[in-house]
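Take a look at the structure below.
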Amino acid sequence: MKFKYVKPTLVLLIICVVISAALAATYRLTYVPPVTDPAQIVALMADDYAEVLPGSTDYVLVERTEGYEKLARGAVVERVTASNGCIVTVHSSGQYDSDPIRVLVGVGADGAVTGVKLLKISETPGMGMKTNNPRWLAQFVGGTSFSLDGRTGAGIDGVTSATKSSRAVVNAVNMAVEAAAELRKEAN
Amino acid sequence: MEKKSIWQIFRNGLIDENPTFRLLLGMCAPLAITTSASNAIGMGLATTFVLVCSNAVISALRRVIPKEVRLPAFITIIAGFVTIVSLVMQRYFASLYDSLGVFLELIVVNCIILGRAEMFASKNKVIPSLADGLGMGLGFTAALLIISTIREILGNLSWFGFSFFGDDVSGMLFFILPAGAFFVLGMLTALMNVIFAKKPAKKNDAGCAGCPGASACGGSCDRKEAEAK
């Protein structure tokens, strides 16, 4: 009577093998190798860089955290120098720890912010997503230190009902300014 | 049970037994991702694809899969299709993939899909199962779209991401918050009940004859009772 166990086991095994093969094939077809060449990365991002640091040329990728897309949160993930300043990418967690906001910050040679752009943001629509507004992000231009309550550095008007997301962006810009200062020190 | 035409089976999923408003199955997505209409369409179509494919495969294999391992077999097939959808979406619709987040993978445990596999696909031929999957999937998509349209327009004053009044005017935040999702879902379910209400079953109709869910489960209680005797 041991025979009755064979058929169910075999059928389930075959189904698992077929599904696994289908998944392996799909993975192969949809796999995109990550871009690792620094020159290529800089070329792909040139438009975004020019937006946050106008009038700059000859970008040099100083450092990029490996596998940053999924891992780093609350951390500087990419540092780029240019002719008239530097550009720093920061991951900062807003409402969702697993989905940090990716903030691109341009810092001029004098240490003041020249532009802020959110490269990736998936906060709550109608709330945190409102931080991704060019007019709100323009508040940062020209400053060197920021806070929502205005006690340290320039005061930033937070987006109503999106305190966490606003705070995440403010923290990211502060981190970027510090990272830029380090980059300038290294260069000297 | 009398035989139903393909069109009846399709219509059944779309309206009469709409998984969201009538069967109240798979409530996770209708509450979580309906903050914007584009999310709802993406989620609905992904679910429809998985539902149609898994229904077809499970129906084709219904005589091959032994009763003892049918649930593990079903869930393996469903999880396979969900992973395929998420891989393809990550490659070709990266922004949609990002905004759906973990809820895309959670289609695996959406009980509409396992429910239709167990209630319908494992008992019917391939063509009716395809019609059932398509009807249920599009019914689910329509439900998501209706809920998200109401929530996005009232809560964010936009539709499919196009803002009506620019960024300076705020909508009613309540509808974007989770409480708004429950409110909209409850109101729409009530509305559907008023429109499509059937006569309540008579009390003396015992067993599957008096059960409003009998058509969905195929009279499994009566069958189990008969088996037990």
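Heavy atoms only: backbone and side chains are in, while hydrogens, waters and symmetry mates are out.
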Query raised in the report: Can you say whether A:S122 sits under 4.5 Å from chain B via the side chain, the backbone, both, or neither, judging by heavy atoms?
Result: side chain
Report summary line: Checked B:L157, B:V88, B:I84 vs chain A; the most non-hydrogen pairs under 4.5 Å come from B:I84
Query - side chain to side chain contact (heavy atoms under 4.5 Å, CB included) between A:V32 and B:R91, intermediate numbers included - result: CA-CA 8 Å; A:V32 186; B:R91 170 80 168 80; 3.2 Å; yes
Report task. Would you indicate whether B:F93, at its atom CZ, is surrounded by more than 12 heavy atoms from other residues, nucleotides or ligands within a distance under 6.0 Å? Result -> no
**Report entry** Over all atoms of both residues, closest heavy-atom pair of A:L23 and B:L87
**Finding:** O-CD1, 4.3 Å
Requested in this report: Inspect the surroundings of OH in A:Y27 and state if more than 12 heavy atoms from other residues, nucleotides or ligands are less than 6.0 Å away.
Outcome: no
Query raised in the report: What closest approach, in Å, do A:I19 and B:T76 show between heavy atoms, and which atom pair accounts for it?
Result: CG2-O, 4.0 Å
Requested in this report: Show your reasoning for whether side chain to side chain contact (heavy atoms under 4.5 Å, CB included) applies to A:K130 and B:N156.
Outcome: CA-CA 10 Å; A:K130 288 194 175 167; B:N156 204 15; 4.0 Å; yes
Report summary line: Turns out that what part of B:I77 lies under 4.5 Å from chain A's heavy atoms comes down to both
Requested in this report: Hey, could you give me the OG1/CE distance between A:T30 and B:M89, rounded to the nearest 0.5 Å?
Outcome: 13.0 Å
Requested in this report: Determine whether more than 12 heavy atoms belonging to other residues, nucleotides or ligands lie under 6.0 Å from atom CZ of B:F182.
Outcome: no
Query raised in the report: Does the side chain to side chain contact (heavy atoms under 4.5 Å, CB included) test come out yes or no for A:I15 and B:I65, once each step is laid out?
Result: CA-CA 9 Å; A:I15 288 176; B:I65 299 172; 4.0 Å; yes
Report task. Supply the atom-to-atom distance B:S36 OG to A:M129 CE, rounded to the nearest 0.5 angstrom. Result -> 8.0 Å
Query raised in the report: For chain B, which residues from residues 176-184 of chain A have at least one heavy atom closer than 4.5 Å to it?
Result: none
Report task. Identify the two heavy atoms, one from B:P66 and one from A:P8, that lie closest to each other, and give their separation to 0.1 Å. Result -> CG-CA, 3.5 Å
